[in-house]
There are 2 protein chains.
Amino acid sequence: MTTEVSPGAAPDAEDDGTRWLDTGEQRAWRAWLYSTQLLQERLERELMRATGIPHAYYEILVQLSETPDRQMRMSELADRCLSSRSRLSHAVSRLEERGWVRRQVCAEDGRGLLAVLTDEGFAALEAAAPVHVESVRTHLFDQLSAEQVAAMEDIGRTLLRHLDPD
Amino acid sequence: MTTEVSPGAAPDAEDDGTRWLDTGEQRAWRAWLYSTQLLQERLERELMRATGIPHAYYEILVQLSETPDRQMRMSELADRCLSSRSRLSHAVSRLEERGWVRRQVCAEDGRGLLAVLTDEGFAALEAAAPVHVESVRTHLFDQLSAEQVAAMEDIGRTLLRHLDPD
DNA sequence: GCGGAATAGATGAGCTCTCAACTACGCTTA
DNA sequence: TAAGCGTAGTTGAGAGCTCATCTATTCCGC
């Protein structure tokens, strides 16, 4: 009867200025919240168990691999990974320990560093990619119709324009 | 040119049995991945900064508040929060320290415990709810058309049937 | 050139989550 | 009623993330 977001017996009636969610909105919100949460956890766990690579680290390797010379400035890498500078810095330290990435001083900017994907790192990515793609296909694309996939992209793009206007 | 999931120059051509994503699927996947990631982080940060409550803890309070007597078995609470037993156990310990939840032995089952929402916990939820609802509305519902909301619910339900068949 | 603001990145503490044990109780069967 | 198994929940170690802080370098205006 009550809702995720409005505790109490009939709080929607209280005119406190809050734009509460109506029943339909709540259904939609919960479906979205739970499905994204479960999907992300599922993908994370499958990738982790099969390869020992957390998805956030996988994303770093992917971004570096897509660059012509497999290297990128730390701050640009952070942006592309939707990561904070701090998070990326910690993550690259771990990846360095694995021998998959190394830091290289940047010629143009004395403050800057380049994250460079090593051959070992590329090999690790090559080994992990099929596992992850299969997970995405199994749990996402195999479940949705073409129309649903199109709608998903449309919704995602719409939200991105608001959340990350570049 | 290359993709998130298939490293290298033209790996899709390699017939290694992997059902790689085509360009359109990749666009859709990235839009979904990035938008969900950004939205979740945004909601988490806004709730955390305004109230000091992580979203996972908020969800626990919500589930307890929606129950008639504001209490629930630990394991059922874990299921409803899409949480592992371990995660819930740790979280409830923290919530106990805040005085928002207490554990009570279960009469019917000597192994079981009830998590009980205290008045302080309910008050904390009441204070937090408007903040969180406003975030959800601002960053989600205000951005989407009615058709997009309907599609979002449809996609979410479809994925849930697969990921969490209950 | 020089001083102050902005930028690049690192660092450490604190927190949450995961994973793998581990304890304790209930249920079933012989 | 005792053995064995499944279930409920906890615990601790290890890992990643956030936030605030810190250092080093560059940029900009005078």
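Since the structure is predicted, the reported quantities are computational estimates derived from the model, not experimental observations. Just so we're on the same page: letters track the sequence lines, and every chain starts at 1.
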| Residues R87(A), E59(A): salt bridge by 4.0 Å N-O rule | no

| query | Are R137(A) and E25(B) ion-paired here, with the side-chain N under 4.0 Å from a carboxylate O? | reply | yes

| query | Quick one: does L114(B)'s side chain get under 4.5 Å of R73(B)'s, heavy atoms only? | reply | yes

| message | Which is more 5' along DNA chain D, the nucleotide nearest R111(A) or the one nearest M48(B)? Just name the residue. | response | M48(B)

So, is [X] close to the [N] phosphate, meaning a side-chain N or O under 4.0 Å from OP1 or OP2?
{"X": "R85(A)", "N": "dT18(D)", "value": "no"}
{"X": "Y57(B)", "N": "dT16(C)", "value": "yes"}
{"X": "R103(A)", "N": "dA10(C)", "value": "yes"}

| message | Below 4.0 angstrom, which residues in residues 86-100 of chain A have at least one non-hydrogen atom near DNA chain D? | response | S86(A), R87(A), H90(A), R94(A)

| request: With the side chain of A56(B) defined as its heavy atoms from C-beta on, choose the nearest nucleotide among dT10(D), dA10(C), dC17(C). | output: dC17(C)

| remark: Looking only at dA20(D), dA8(D), dA8(C), the nucleotide nearest the R49(B) side chain is dA20(D)

| query | If you pin L114(A) and S84(B) to their nearest nucleotides in DNA chain C, which one's is more 5'? | reply | L114(A)

| task | Quickly work out the Q104(B) CD to dA8(D) C1' distance and round it to whole Å. | result | 16 Å

| said: Below 4.0 angstrom, which residues in residues 75-83 of chain B have at least one non-hydrogen atom near DNA chain C? | reply: none

